[in-house]
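Report on the structure given below.
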Amino acid sequence: MIELTHQPLSPQALVDQVQSGRAGAVVTFVGVVRGESEGRQVLYLEYEAFEPLAREKLHELAVEMKARYGVDEVAVAHRLGRAEVGEVITVIAVASAHRREAFEACQFGIEQLKARVPIWKKEVFKDGEHWVGA
Amino acid sequence: MIELTHQPLSPQALVDQVQSGRAGAVVTFVGVVRGESEGRQVLYLEYEAFEPLAREKLHELAVEMKARYGVDEVAVAHRLGRAEVGEVITVIAVASAHRREAFEACQFGIEQLKARVPIWKKEVFKDGEHWVGA
Amino acid sequence: MKVTVRFFALYRQLVGTAETSVEVPAGATLSQLWEQVQGLFTGLRGYPLMAAVNGEQCDGTTPLSGGDEVAFLPPFSGGRR
Amino acid sequence: MKVTVRFFALYRQLVGTAETSVEVPAGATLSQLWEQVQGLFTGLRGYPLMAAVNGEQCDGTTPLSGGDEVAFLPPFSGGRR
């Protein structure tokens, strides 16, 4: 399950989606807006995606996580638009019969999300703003 | 934060506890009752603890996770008593500025919880029951 | 001297009681008590000694005192496998 | 022939527009378009070519057709660092 949305994300909703009677382990990564970046106070962040390609890449990623680690269910969500400090940016939830694969798949998921999904972040400070990762 | 309870566990409540403006990453492990164990259909599980020592060990574990991995906040919870298929048994939530430490601390936490906290599980089947791990 | 012995989970099932009182020689250690208890309840034989004395986890060399409460702890199985 | 060029995030900021139309020689490749665009918008110089043609991620050898929509993609920074 894939979600790319301008609305606030609910980690619990994703956990509920992946959970089933078969799975004994659910590992979740939640990325949250930090109030500080390299020593500067962050006012808020802004996320932008090239949406059709981003959705396709997120879907590919979820399929690959299942195939590569043999986990039962995967949900990947990313917030778009303006996100305040403390708000959730990314959720990756993995359900599996066993916990080792769930941890590995979840960690792989967040690394790969950053590497291959066309999403960009702008950090907005009191005295300026800049796009990150460029 | 430590919880050892006969009441249903809420993973979201633990995530809310560890989350703060400082933390950019929250990694959560949720252990769930599976409907099957070694090919047999499980009716329910029953968890028992030597409570004072279990609480002390859970507290020690949370302190050690923070010291060893430098993470910001840790919450560890374990269910006691009768737990139905699909119910949550264990929650370990770790909040950290960076995700690598959060994953490592969470994985260390669940391994160590199993190894050193005096909690026991009984599997109840249609045609019998037995204590596990002995 | 007398000590109180408590059994949990599998051990309680194997011995058929949650608590009993055992008479041990003065100065007996935790190991000596465990051997004595394994003599009384043969179902416990072969299991490793893990125990708490008055709520504190202790090793076999720990000397006991009259009135101590000794909890024998089966191998742990918390969390999910 | 004409292609539509779209810029996102940092690139949109650097060039000052989200979309423009560029005239390229018939049979031009994606690499050739990128060089041409970097000539028009010098702020883009030094950035690696990453782009999608009509919504599909493509490499520099991809030949373009008239009317193609080319999205130039800055280095990604999704998730949390």
So which bits of residues 54-64 of chain D come within less than 4.5 Å of chain A, counting non-hydrogen atoms only?
G55(D), E56(D), Q57(D)
How far does CD of E48(A) sit from CG of L10(D), to the nearest 0.5 angstrom?
10.5 Å
Listed by chain and number, what are the ring pair (Phe, Tyr, Trp, His ring centres under 6.0 Å) partners of F125(A), not counting sequence neighbours?
H130(A)
Rounded to the nearest 0.5 Å, the CD atom of E123(A) sits from the OG atom of S77(D) at a distance of 8.5 Å
Whatever's closer than 4.5 Å to a heavy atom in chain D on E56(A) counts as side chain
Evaluate whether atom CZ of R100(A) has more than 12 neighbouring non-hydrogen atoms of other residues, nucleotides or ligands under 6.0 angstrom away.
no
Just to verify, what does F7(D) make a ring pair (Phe, Tyr, Trp, His ring centres under 6.0 Å) with, not counting sequence neighbours?
F41(D)
Heavy-atom contact with chain D under 4.5 Å, split by part of A54(A)
neither
Contact class of P118(A) relative to chain D, heavy atoms under 4.5 angstrom
both
For F8(D), ring pair (Phe, Tyr, Trp, His ring centres under 6.0 Å) partners two or more places apart
F50(A), W120(A)
If you count heavy atoms of other groups shown closer than 6.0 angstrom to CD of Q7(A), is the number above 12?
no
Between R12(D) and W131(A) the two heavy atoms that sit nearest each other are NH2-CZ2, 3.8 Å
